[in-house]
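First comes the structure, then the notes that go with it.
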Amino acid sequence: MIGPMMLCSSSVRLWLLPNAVLLVVLSIWGALRYPHLPGRIPKHIGVDGVDAWTDKSIGGAFVLVFLYAGMTVLMAGCAELTLRLTPRDELSDANAAPFPSARATSSLLNRPGSRASACRIARALLLFNTCIGISFLVGCGMLWRSTPDPNVPAWLLVAMILPLLAGTVVTVVAAMSDRKK
């Protein structure tokens, strides 16, 4: 079973490439914008625009970059662990519970149904992380403006939410697709 796992694992790792590219783009863009940022930068954006400010600092300016780096590590780990689980269709009867009522434990129910399903779920997790990165890219555009303007364009919320919704839908569909079988 190592052969199919290694093949799938290496192809799924290619899905980390967009995440790495986004992380590099965010880092370089932030490093280029940082010297030109005003003394106050947005800390929180509410429904009426920017409602909290913070002094310019590396932590304040790069909070979304740091969050995205952490999310990338977390999602890559989840994708890798998903690939390392033995799917339900590869479990032998020796691994089955001795009593029929105990067979439906969460450790069996939360496994991918097949190796192909595990690959699909892992790719969906990494795609979801890419969608998070796109959303953070839009947020960084707002955060790294040259002037401390409290007004926020109306399209900003939509531009940040749509990638998150798309990534969520893809991940849920991938996770639920083998539950119907």
Side-chain angles (χ1 to χ4, degrees), residues 1-38 41-45 50 54 56-87 110-146 152-153 155-178:
M1 291 302 140
I2 295 297
M5 186 178 101
M6 293 304 288
L7 178 65
C8 181
S9 183
S10 63
S11 69
V12 168
R13 286 190 184 111
L14 288 174
W15 287 68
L16 273 171
L17 190 59
N19 297 300
V21 168
L22 268 170
L23 192 55
V24 168
V25 165
L26 282 169
S27 299
I28 291 173
W29 184 29
L32 293 173
R33 290 291 309 137
Y34 187 77
H36 307 289
L37 292 178
I41 56 176
K43 181 177 181 180
H44 184 264
I45 300 172
V50 178
T54 188
K56 177 180 159 182
S57 68
I58 298 289
F62 286 89
V63 65
L64 293 178
V65 178
F66 297 149
L67 282 172
Y68 185 58
M71 287 297 299
T72 300
V73 170
L74 178 68
M75 291 294 204
C78 288
E80 186 65 32
L81 289 175
T82 299
L83 294 172
R84 289 177 182 246
L85 278 174
T86 303
N110 291 330
R111 291 179 181 273
S114 65
R115 185 68 52 202
S117 176
C119 289
R120 188 172 45 250
I121 292 167
R123 286 190 303 262
L125 286 171
L126 296 176
L127 179 65
F128 182 41
N129 193 59
T130 302
C131 292
I132 292 170
I134 292 168
S135 181
F136 282 7
L137 190 69
V138 174
C140 286
M142 176 65 197
L143 183 67
W144 295 335
R145 294 186 298 178
S146 298
V152 176
W155 57 266
L156 183 71
L157 179 64
V158 174
M160 287 186 76
I161 296 289
L162 281 180
L164 296 174
L165 287 177
T168 301
V169 167
V170 168
T171 304
V172 169
V173 166
M176 298 303 289
S177 64
D178 70 329

Review point. Hey, mind stepping through C119 and L83 against side-chain contact (heavy atoms from CB on, under 4.5 Å) and telling me if it holds?
Key: CA-CA 6 Å; C119 289; L83 294 172; 4.0 Å; yes

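- Residue F136 holds its CZ atom at 7.5 Å from CG of L164, rounded to the nearest 0.5 Å.
- Between W29 and W144, the ring planes are perpendicular. Angles over 60° get that label, and only those under 30° would be called parallel.
- For the atom pair CD1 of I121 and CE of M176, the computed distance is 10.0 Å after rounding to the nearest 0.5 Å.
- Between the OG1 atom in T130 and the OH atom in Y68 there is a gap of 5.0 Å [rounded to 0.5 Å].
- Here the rule is side-chain contact (heavy atoms from CB on, under 4.5 Å) with F128, and of V172, T168, V169 only T168 fits it.
- Minimum interatomic distance between P38 and S146 (heavy atoms only, all atoms of both residues): CD-O, 3.5 Å.
- Here the CE-CD1 distance, from M71 to I132, works out to 3.5 Å after rounding to the nearest 0.5 Å.
- Shown here for A76 and L16, the closest heavy-atom pair between the two residues is CB-CD2, 3.8 Å.
- Put simply, the side chain of R33 never gets that close to the backbone of C140: no donor and acceptor are under 3.5 Å apart.
- Put simply, the side chain of T171 does not reach to within 4.5 Å of the side chain of M75, judged on heavy atoms.
- Scanning all heavy atoms of the two residues, the minimum distance from V50 to V152 falls at N-CG2, 3.8 Å.
- For the pair F66/I58, a side-chain contact is recorded, criterion being any heavy-atom separation below 4.5 Å from C-beta on.
- Here the shortest heavy-atom pairing between L143 and G60 reads CD2-O, 3.9 Å.
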Practice item. Let me see the working for I45 and M142 under side-chain contact (heavy atoms from CB on, under 4.5 Å), right down to the final yes or no. Key: CA-CA 9 Å; I45 300 172; M142 176 65 197; 3.4 Å; yes

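- The two residues K56 and P35 make their nearest non-hydrogen contact at NZ-O, 3.7 Å.
- For the atom pair CG of L137 and CG of L64, the computed distance is 10.0 Å after rounding to the nearest 0.5 Å.
- Here N129 contributes atom CG and I134 contributes atom CD1; the two are 10.5 Å apart, rounded to the nearest 0.5 Å.
- Within a 6.0 Å sphere centred on NZ of K43, other residues, nucleotides and ligands contribute 12 heavy atoms or fewer.
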